[in-house]
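Below is one structure, written out as structure tokens; comments come after it.
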Amino acid sequence: MDKFNIREGMTDEEIDDIVNKALVLMTLKEKVATMTGNNFFLLLLKDHKFGVRAYPGGGVEHLNIPPFLFTDGPKGVSIPGSTCFPVPMARGATWDIPLEEKLGEAIGKEARAQGANLFGGVCINLLRHPAWGRAQETFGEDPFHIGEFGVAIVRGVQKHNVMATVKHFAANSIEYSRFKINVQISERTLREVYLPHFKRCVEDGCATVMSAYNKIRGEYCGHNSYLLRDILKSEWGFDGFVHSDWMNGLRDTTKGILGGLDVEMPRAKYYGRRLVKAVKLGKVSLNSVDDSVRRILRTVLKFTTKEDPQNYDADLIGCNDHILLAREVAEKSMVLLKNQNKLLPFNTDEINSLAVLGPLSDKKNTGDHGSSHVRQRNIITPLQGIKKSIGNKIKVIHNEGKDIDVAQQIAQSVDSVVLVVGYTFKDEGEYIPHISKGLGDRTNLGLKEDDIKLIDAVSKVNKKCVVVLVGGSAILMEEWKEKVPSILMAWYSGMEGGNALANILFGKVNPSGKLPLTIPKDPAHLPYFDIYVDEIEYGYYHGYTLMEKEKIEPAFPFGFGLSYTEYSYKNIRVESTEKKISVSIDVSNIGDVAGEEIVQLYIGFEYSSVDRPLKLLRGFKRVALKPKETKTVSIDVKKKDLAWYNPDNRAWEVESIEYTIYIGSSSKNEDLLATHISL
Ligand code: BGC
């Protein structure tokens, strides 16, 4: 048989025609061969390192049907040299959707330049508890907010004809026990809390889905026909392919294929020969195999034949434009949590000496070293960024703070102090058996004892001390937060993090990030979390919905973040049309410096006849304002986004009740203006 003529610009009909013909021509063995990754271990042996190249799968060489070529993320393309962006949790704190799409485009371009066409780095699992080791890989705790980010990165990546994988489907919010944990979950919780962001991405056209390792209601997600067949493929109409996660994401041949798993990654263990046998024995129908093969070939052909918007030369990898983008994202992601007496920004005319202290002050620290690791050497540390920014203007003394007395003496001798503390990949990240140093999940929700001692010692002798926190999710800080005037949450801020930090500290950039999560005062205020149990119940409430329900005041609320200026909100207007509610508000910058404010819209369900959160985020917008400038910000809410999932009818229902509309600067009621609307 001649090879198919695969060319750029093929129509969907032409692709379907080729797929139909291929399904007739291919033997069972060939079909099954497209349903797995290929040569994974061979490549690993060759490279001696995971993730240094794209891993192939699918493809029918003799028919000219190309393979998919997988690479990881999400803080960039994991193949060496790629731009290392801030982690998704930091990006979630930018609340900047166009910026995330731009970042997705940069990743798409670098993936192509690195020889990959499948980006497995859109992690949109929900942050249920801050101890989750991979919290840094997702965008936050709120399903609506995560959904907006998921769609943005998928769009950006796919613009460059790279298939995006959203992962890990679903309810994968605990790390150490991820291979075995059984998540018990009610239908409403599943539909309203753990799935909406996946649905958004699927409806927006994401090419592939990676199943999670964990079980839901007793069935592994990779075998879970309710999840993969009933919900994803039937209800949501997903027409791409589902591939497994990599270490035993599939554990049974027939259960996998009957469950709706199309591709076993990264190699044939339960598919391959075992699947051929299962078909021959009549345990699996040829139709099921054909359905998977059709999905794989169609998706790969769609993406590999689409006209490219540009060339993808190697000089795109880690290029200057992308480095500048990494810096912009980092600048927009840092959250100023506290700034008493306007300590920040530092005035370089008033400071003669500055101590840069703490174990992370000169560390190349971009977060986890698991599958999300981006192999990039040019990482700007906080100290490097600070030194570069101020040149010789201010004397800088650096000390890691191993000897607290020495650090204290230094602190006493300088005008101001920047103290960088928090976590590294050794404290939180992905759990990979036999490889990971820790348990993946964080064992401590606060800072380490030594960090707290350092803060204590330094703050006693220097009242101009800024604590810069590094980490992938909430860090509890009640023991020390009153001791220092300023606190800045810097996250894992990518290769340009040090420069971004300096720009914020010295006022070249006005901080604008806001928390994509709630920082509680006490671990007791969080949902139950135990990494050693085999089963866990994921309840309807977590994060801000839980705190509001239980009337608990957080240390810092969801959506909170300070600026070097102040904003005022006035004049809320609401208009209702058939399909949407349009809310407008006048936002003014009432301070002296330009800034960017993140306007948040929440809908209150106080009058609902069913148990619902007091309010939920349903819209947000970033707005740039010069000093004394006022802008009208308008946010639309789709009426269908007010629905709850009625498990009795298996349907989404919008109640005809009065809803509260809140709009303002954070989720805290005092920061919001409110009005009502009846539907
Ligand atoms: C992780 C995935 C990752 C895959 C391939 C798995 O263990 O859970 O997120 O994409 O490895 O590296």
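What you are looking at is a predicted structure, and each value in this text was computed from that prediction instead of being measured.
Annotation: the span from F556 atom CZ to K521 atom NZ amounts to 9.5 Å, rounded to 0.5 Å. Here the straight-line distance linking atom CD1 of I603 with atom CZ of R618 works out to 8.0 Å at 0.5 Å rounding. To the nearest 0.5 Å, the span separating CE on M477 from CD on E482 amounts to 11.0 Å. Taken from CG in L454 to CG in D403, the straight-line distance is 10.5 Å, to the nearest 0.5 Å. Here N352 contributes atom CG and I394 contributes atom CD1; the two are 8.0 Å apart, rounded to the nearest 0.5 Å. Taking CD of E148 as the start and CD of E100 as the end, the distance is 11.5 Å to the nearest 0.5 Å.
For D441 (side chain) and G133 (main-chain N/O), a donor-acceptor pair under 3.5 Å exists by modelled atom type. Side-chain N or O atoms of S353 include none that pairs as donor or acceptor with a backbone N or O of K395 at under 3.5 Å. No donor-acceptor distance shorter than 3.5 angstrom exists from the side chain of W491 to the backbone of P86, with no hydrogens or angles considered. Looking only at distances, a side-chain donor or acceptor of T545 sits under 3.5 Å from a matching main-chain atom of H542. Using modelled atom types, one side-chain atom of R375 and one backbone atom of S78 make a donor-acceptor pair closer than 3.5 Å. Under a 3.5 Å cut-off, the side chain of R217 and the backbone N or O of I185 do form a donor-acceptor pair. Between the side chain of S413 and the backbone N or O of I410 there is at least one donor-acceptor pair closer than 3.5 Å. For the pair E496 (side chain) and A326 (backbone), a donor-acceptor distance under 3.5 Å is absent.
Between Y540 and E192, the side chains place a donor N or O and an acceptor N or O closer than 3.5 Å (distance only, hydrogens not considered). Side-chain contact, D368 with Y492: no donor N or O sits under 3.5 Å from an acceptor N or O. Judged purely by distance below 3.5 Å, without hydrogens or angles, the side chains of Q376 and T366 never pair a donor atom with an acceptor atom. Side-chain atoms of D671 and S666 form a donor-acceptor pair, as typed in the model, at a separation below 3.5 Å. Side-chain atoms of Y423 and N444 include no donor-acceptor pair closer than 3.5 Å. Residues R134 and S372 have side chains that never bring a donor and an acceptor to within less than 3.5 angstrom of each other. T424 and K363 form no side-chain donor-acceptor contact under 3.5 Å, judged by distance and modelled atom types alone. No hydrogens or angles considered: a donor-acceptor pair under 3.5 Å links the side chains of D362 and T381. In this model, no donor atom of one side chain and acceptor atom of the other lie less than 3.5 Å apart for S667 and Q600. Side-chain contact, N125 with T138: no donor N or O sits under 3.5 Å from an acceptor N or O.
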- Assess whether side chain to side chain donor-acceptor pair (under 3.5 Å) is satisfied between K615 and N669, documenting all intermediate values. CA-CA 10 Å; K615 64 176 185 291; N669 279 3; 2.7 Å; yes
- Worked check of side chain to side chain contact (heavy atoms under 4.5 Å, CB included) between L325 and F85: CA-CA 8 Å; L325 179 63; F85 292 100; 4.0 Å; yes
- Does the side chain to side chain contact (heavy atoms under 4.5 Å, CB included) test come out yes or no for F149 and I97, once each step is laid out? CA-CA 6 Å; F149 273 92; I97 298 304; 3.7 Å; yes
- Task: Go through the steps to decide whether Y569 and S665 satisfy the test side chain to side chain contact (heavy atoms under 4.5 Å, CB included), and finish with yes or no.
- Result: CA-CA 9 Å; Y569 286 70; S665 62; 3.8 Å; yes
- Message: If you apply the rule salt bridge (charged side-chain N to carboxylate O under 4.0 Å, His left out), what do you find for D611 with R188, and how did you get there?
- Response: CA-CA 10 Å; D611 179 30; R188 277 195 68 198; 5.5 Å; no
- Message: Before you tell me yes or no, could you show the steps for L469 and V421 under side chain to side chain contact (heavy atoms under 4.5 Å, CB included), namely the whole-Å CA-CA distance, both residues' side-chain angles and the distance that decides it to 0.1 Å?
- Response: CA-CA 5 Å; L469 293 172; V421 290; 4.0 Å; yes
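The ring of F620 has its center closer than 6.0 angstrom to the ring center of H145. For Y176 and Y532, the gap between ring centers is short of 6.0 Å. Taking the six-membered ring for Trp and the full ring otherwise, the centers of F558 and W95 sit less than 6.0 Å from each other.
For NZ of K464, the number of neighbouring non-hydrogen atoms (other residues, nucleotides, ligands) closer than 6.0 Å is 12 at most. Around CD of E566, the count of heavy atoms belonging to other residues, nucleotides or ligands within 6.0 Å does not exceed 12. More than 12 non-hydrogen atoms from other residues, nucleotides or ligands lie less than 6.0 angstrom from NZ of K364. Atom NZ of K437 has 12 or fewer neighbouring heavy atoms from other residues, nucleotides or ligands inside a 6.0 Å radius. Heavy atoms of other residues, nucleotides or ligands lying less than 6.0 angstrom from NZ of K463 number more than 12.
V466 is not listed as a side-chain neighbour of V484, based on a closest heavy-atom distance of 4.5 Å or more. Between K387 and H398 there is no side-chain heavy-atom pair separated by less than 4.5 Å. Residues L614 and Y602 fail the side-chain proximity criterion, which asks for heavy atoms closer than 4.5 Å. In this structure, the side chains of C465 and L419 come closer than 4.5 Å at one or more pairs of heavy atoms. Using a 4.5 Å heavy-atom threshold, the side chains of C201 and I124 count as touching. Residues D245 and K167 have side chains not in contact (no heavy-atom distance under 4.5 Å, counting atoms from C-beta outward). Side-chain contact between K514 and E597 is present, with heavy atoms from C-beta onward closer than 4.5 Å. Two residues are said to be in side-chain contact when any heavy atoms from C-beta on lie closer than 4.5 Å; N248 and Y220 fail this criterion.
Under the side chain to side chain contact (heavy atoms under 4.5 Å, CB included) rule, L103 has a single partner from D96, V329, T83, T94, which is V329.
Annotation for R128 and Y528: closest pair NH2-O, 2.8 Å, computed over non-hydrogen atoms. The two residues A490 and V468 come nearest to each other via the heavy atoms CB-CG1, 3.7 Å. Considering every non-hydrogen atom in both N339 and L343, the closest pair reads OD1-N, 3.4 Å. When all heavy atoms of P88 and Q136 are compared, the closest pair comes out as CD-O, 3.2 Å. Shortest non-hydrogen contact noted between L336 and F560 is O-CE2, 4.3 Å. What you find for C221 and I216 is that their closest heavy atoms are SG-CG1, 3.7 Å.
Residue pairs satisfying the salt bridge (Lys or Arg N to Asp or Glu O under 4.0 Å) criterion with at least one member in residues 527-542, sequence neighbours excluded, are listed as follows: K180-D534.
Taking the six-membered ring where tryptophan is involved, the planes of W246 and F50 are perpendicular, since the angle between them exceeds 60° and thus also 30°. Note: F198 and F169 have perpendicular aromatic rings, judged against thresholds of 30 and 60 degrees for the angle between ring planes.
Among residues two or more places apart in sequence or in another chain, the side chain to side chain contact (heavy atoms under 4.5 Å, CB included) test is passed with S568 by K570, S588, I590.
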